[in-house]
Amino acid sequence: AKLQQRAGHLYFSRSMGIDISERVNMMHALREAFEERQLYVVYQPQIDMLTRTAVGAEALLRWCNEGVMISPARFIPIAEYSGLIIELGEWVLRQACLETVRLKRRGFDHFMISINVSQVQFRHPQFLSMLKRTLSDTEASPHCIELEITESMAMEDPDALTALLNQITATGVSIAIDDFGTGFSSMSHLQKLNVDRLKIDRAFVTEITESARGSSIAEAIIQLGRNLDLDVIAEGVENERQATILSELGCAYGQGYLYAMPLTSDELDEWLQQHAQ
Ligand code: C2E
Ligand code: CA
Ligand code: CA
Ligand code: CA
């Protein structure tokens, strides 16, 4: 059984694990949860590894279904398939924008929030106008917003992508390439794209301490960032050894359980009080 999506290349097949009826059930439950405001956004601090201060946070979507947390890794594909991701993604962006405005009022002027953008959202013809409208509605500073697109998205349709990234950058919003190192981007392609930051995938951060050559991919990404004048952030930093090695390699930013878990808006406030710059 394979259902093809009209616009995208997304489909479900039995090989993906849970069966169709379970997916359809989850699709209905997700829509209901969204309408009944059972979804919320958490924020995981992003740290300047040298000064050990928080410079921003990544917005991550949460769904608590009757006391049970459902992972976004499971429900985001369903939101993409059903098209709900368009509304959902806009809502997450809006929450993040409002959060930057709130933080600014509390004195965190340059605190940046990164938002994950799905490929379905990104390909939507109204994406740019939605972004601009949300920025103006919420009065968020574009300089406080970063969009994370995945490396595989960054490899598609180079001309259309280059144009879109230029338009986004013109608004003042930054772009990061998420899960970097897992795709196949060439240096020459990357050089042409208007991006600000590379995010080293957690898999390569984990590898750092696993073997003698374990840090070689992280090292190559950090070097690439240096050569192309892009910032680099490591995700999934869990221990001091990883942080020390990343720091020594010249990685500027880190995010992971070592520093902080994803936090609710209130928890973030408290955390920032305790980790005041
Ligand atoms: P991601 O963008 O790669 O996000 C990083 C994931 O790693 C998050 O999982 C985060 O909670 C987790 N993480 C952070 N620090 C650590 C650590 O030190 N160790 C380990 N083991 N994990 C860590 P989460 O929140 O479950 O999100 C999973 C994925 O779901 C995200 O991967 C992202 O692709 C997607 N996602 C989450 N929220 C959104 C959203 O609002 N929109 C879209 N389109 N996708 C989202
Ligand atoms: Ca991400
Ligand atoms: Ca990742
Ligand atoms: Ca820039």
Side-chain angles (χ1 to χ4, degrees), residues 8 10 30 33-34 39-47 49 54 56-64 68-99 112-124 127 130-131 134 145-154 174-183 195-209 217-218 221 232-243 246 253-264 267-268 271:
L10 295 171
L30 180 60
F34 180 50
L39 300 179
Y40 58 99
V41 180
V42 288
Y43 301 91
Q44 187 177 36
Q46 298 180 331
I47 293 346
M49 304 245 266
E58 178 180 8
L60 294 160
L61 194 53
R62 291 291 176 266
W63 176 16
C64 185
V68 181
M69 294 300 294
I70 301 178
S71 165
R74 276 185 78 201
F75 71 76
I76 294 288
I78 288 173
E80 288 176 328
Y81 174 69
S82 66
L84 184 64
I85 193 70
I86 300 298
E87 280 170 76
L88 204 53
E90 177 171 350
W91 181 79
V92 172
L93 177 67
R94 181 171 296 266
Q95 300 310 303
C97 283
L98 292 170
E99 192 65 34
M112 189 184 263
I113 297 189
S114 309
I115 297 112
N116 292 285
V117 177
S118 147
Q119 54 177 331
V120 176
Q121 260 184 298
F122 203 59
R123 280 203 212 108
H124 193 274
F127 181 75
M130 182 281 287
L131 175 65
T134 307
I145 298 294
E146 179 181 72
L147 302 179
E148 295 190 3
I149 63 169
T150 62
E151 190 180 11
S152 54
M153 282 156 70
S174 305
I175 306 280
I177 303 189
D178 205 0
D179 300 338
F180 197 79
T182 60
V195 301
D196 303 280
R197 192 146 80 148
L198 303 177
K199 195 162 193 183
I200 306 175
D201 192 66
R202 177 160 67 86
F204 306 117
V205 173
T206 307
E207 265 176 40
I208 283 177
T209 50
I217 293 178
I221 296 171
V232 175
I233 178 165
E235 70 172 14
V237 181
E238 292 182 349
N239 58 58
E240 289 289 352
R241 278 184 65 212
Q242 292 166 346
L246 285 163
Y253 304 103
Q255 179 186 340
Y257 299 159
L258 171 65
Y259 306 109
M261 303 289 287
L263 307 168
T264 62
E267 289 167 345
L268 179 66
W271 189 90

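When a ligand or atom number is given, it counts from 1 through the structure's own listing order.
Checked by distance only, ligand 1 and D178 come closer than 3.5 Å through their nitrogen or oxygen atoms. When only interatomic distances are considered, the shortest N/O to N/O separation between Y257 and ligand 1 falls below 3.5 Å. Backbone and side-chain nitrogen or oxygen atoms of Q121 are examined, and none is located within less than 3.5 angstrom of a nitrogen or oxygen of ligand 1.
The main-chain N or O of I86 is never found under 3.5 Å from a side-chain atom of E90 such that the two would form a donor-acceptor pair. D179 places no side-chain N or O within 3.5 Å of a backbone atom of T182 that could act as its donor or acceptor partner. Formation of a donor-acceptor pair under 3.5 Å by the Q255 side chain with backbone atoms of Q46 is not found in this model. Side-chain atoms of Q242 come within 3.5 Å of backbone atoms of N239 as a donor-acceptor pair (strictly under, hydrogens ignored).
The option with the heavy atom closest to atom 41 (O) of ligand 1, from among N239, L61, L88, is L61. For the residues E238, E235, K199, the heavy atom positioned nearest atom 5 (C) of ligand 1 is part of E235. Distances from atom 36 (N) of ligand 1 to the heavy atoms of A234, P72, P77 show the closest one on P72. The heavy atom nearest to atom 2 (O) of ligand 1, considering only T206, I85, N116, is found in N116.
At a threshold of 3.0 Å, the Ca ion (ligand 2) has a backbone or side-chain N, O or S atom of N116 nearer than that distance.
The atom of D178 nearest to the Ca ion (ligand 2) is OD2, with the search restricted to N, O or S atoms.
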Assess whether side chain to side chain contact (heavy atoms under 4.5 Å, CB included) is satisfied between M130 and L93, documenting all intermediate values. CA-CA 10 Å; M130 182 281 287; L93 177 67; 3.8 Å; yes
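With the Ca ion (ligand 2) as the vertex, atom OE1 of E148 and atom OE2 of E58 span an angle of 90° (nearest 10 degrees). Considering the Ca ion (ligand 3) as centre, the angle to OE2 of E235 and to OD1 of D179 is 110° (10° rounding).
Counting only heavy atoms, the protein gets under 4.0 Å from atom 27 (O) of ligand 1.
In summary, K199 and E58 engage in a salt bridge, as defined by a charged side-chain N under 4.0 Å from a carboxylate O.
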